[in-house]
Amino acid sequence: MSASDTYYRDHWARIEPALVPMYEEFFRWQPNMEALIKGANIVPGVSVIDYGCGPGFLTLELAKRVGPSGHVAGCDLNAAFLAGARTRAESEGLTDRIDWHHTTDDRIPIPDGSVDRVLCKNVLEYVPDLATTVAEFHRVLKPGGIAHAIDSDWSALIIEPVGPERVSRLLAAARPAYRDPMAGRHLYGAMRMAGFTEVKVEIFARPDTRGQLLPVAMTLVTYAKQFGQMPENEADAVTADCQAAIDNGTYMLFLPQFLVTAVK
Ligand SMILES: C[S@@+](CC[C@H](N)C(=O)[O-])C[C@H]1O[C@@H](n2cnc3c(N)ncnc32)[C@H](O)[C@@H]1O
């Protein structure tokens, strides 16, 4: 097995400390994410797992919504993210209603049938085995509980003016960074196979024309260079072309999000 075979996991488990602030900025809660989590129906008093919570910005938002009678568990593979999340929860006075779990394998350290909601945003493309993780969601939920997963399907990525051929080459070059780059389209079937009864899929699609999602394209460029799968000059040209298009108003990036809501 080569290092790139488990890169999809290892790069999250061992983020260089210098890069943690960049990720924290990237994963900040934004009000325009409301549409992504709506299906989870987070109401006062419910218990929620935020699986793959990262730096915990969404977790804190959930903790505010469940109120003092609710509870949130943030689980993540990265210990540095969790340390920052814990500090932020303390400074916001939310410690009493959040537990943080450092998960190092597929298992969620929560008893069977004990939570009302599992929310999982942009994580399932990285897990070692989608079916196993979704089965864990089913296991920890109470009967009637809701799993709500949000994920990309990278094959649907459009970056203009980069064009489809170069985007395909970029995705191929960045491939080791994802366990399942088409997780988005696989979520529906995975939820069905895990035994969920009502499974609903929606697609959230809002093209970015101002450069807010440019870090998505830049992350692919960084991976492509790092894996040595794309000539540096070609990767750098993607960056330059995106920047020029933002400057002249012709840029557009489109990465639909698959939202799957499933009831146990
Ligand atoms: C793209 S980030 C999303 C973070 C957060 N859910 C959000 O949307 O802001 C992916 C997160 O999944 C975590 N992750 C990746 N693989 C994981 C695994 N196997 N188990 C738990 N967390 C994992 C990473 O450490 C990272 O925090």
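The first residue of the sequence shown is numbered 1, and numbering continues consecutively from there. Just so you know, ligand 1 is whichever comes first in the structure, and atom 1 is the first atom listed for that ligand.
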Specify the protein heavy atom at minimum distance from atom 8 (O) of ligand 1: its residue, its atom name, and the distance to 0.1 Å.
K121 NZ, 2.9 Å
Could you verify whether a donor N or O on one side chain and an acceptor N or O on the other, from H71 and D99, lie under 3.5 Å apart?
yes
What protein heavy atom lies closest to atom 9 (O) of ligand 1? Include the residue and the distance to one decimal.
F27 CB, 3.5 Å
Lys/Arg N to Asp/Glu carboxylate O, D50 vs K121, below 4.0 Å
no
Protein contact of atom 14 (N) of ligand 1 - nearest heavy atom, named by residue and atom, plus distance:
V123 CG1, 4.0 Å
Starting from atom 5 (C) of ligand 1, which protein heavy atom do you reach first, and at what distance in Å?
G52 O, 3.3 Å
Identify the heavy atoms of R139 and I110 that sit nearest to each other, and give their distance.
NH1-O, 2.9 Å
Under 4.0 Å from one or more heavy atoms of T103, ligand 1 contributes atoms 21 (C)
for atom 10 (C) of ligand 1, nearest protein heavy atom and its distance come out as N122 O, 3.4 Å
Residues D129, R179: salt bridge by 4.0 Å N-O rule:
no
Using a strict 4.0 Å threshold on nitrogen-to-oxygen distance, state whether R28 and E61 make a salt bridge.
no
Any ion pair linking E34 and R65 (charged N to carboxylate O, less than 4.0 Å)?
yes
Kindly confirm or rule out an N or O of Y126 lying under 3.5 angstrom from an N or O of ligand 1.
no
Does either side chain, that of Q257 or that of S152, offer a donor lying less than 3.5 Å from an acceptor on the other one?
yes
So, does Y51 sit close enough to ligand 1 that a heavy atom of it is under 4.0 Å from the ligand?
yes
Just go through L77, T133, D76 and tell me whose heavy atom is the nearest to atom 13 (C) of ligand 1.
D76
Nearest to atom 15 (C) of ligand 1, what protein heavy atom do you find, and at what distance?
W12 CD1, 3.7 Å
If you measure from each heavy atom of L58 to ligand 1, is any distance below 4.0 Å?
no
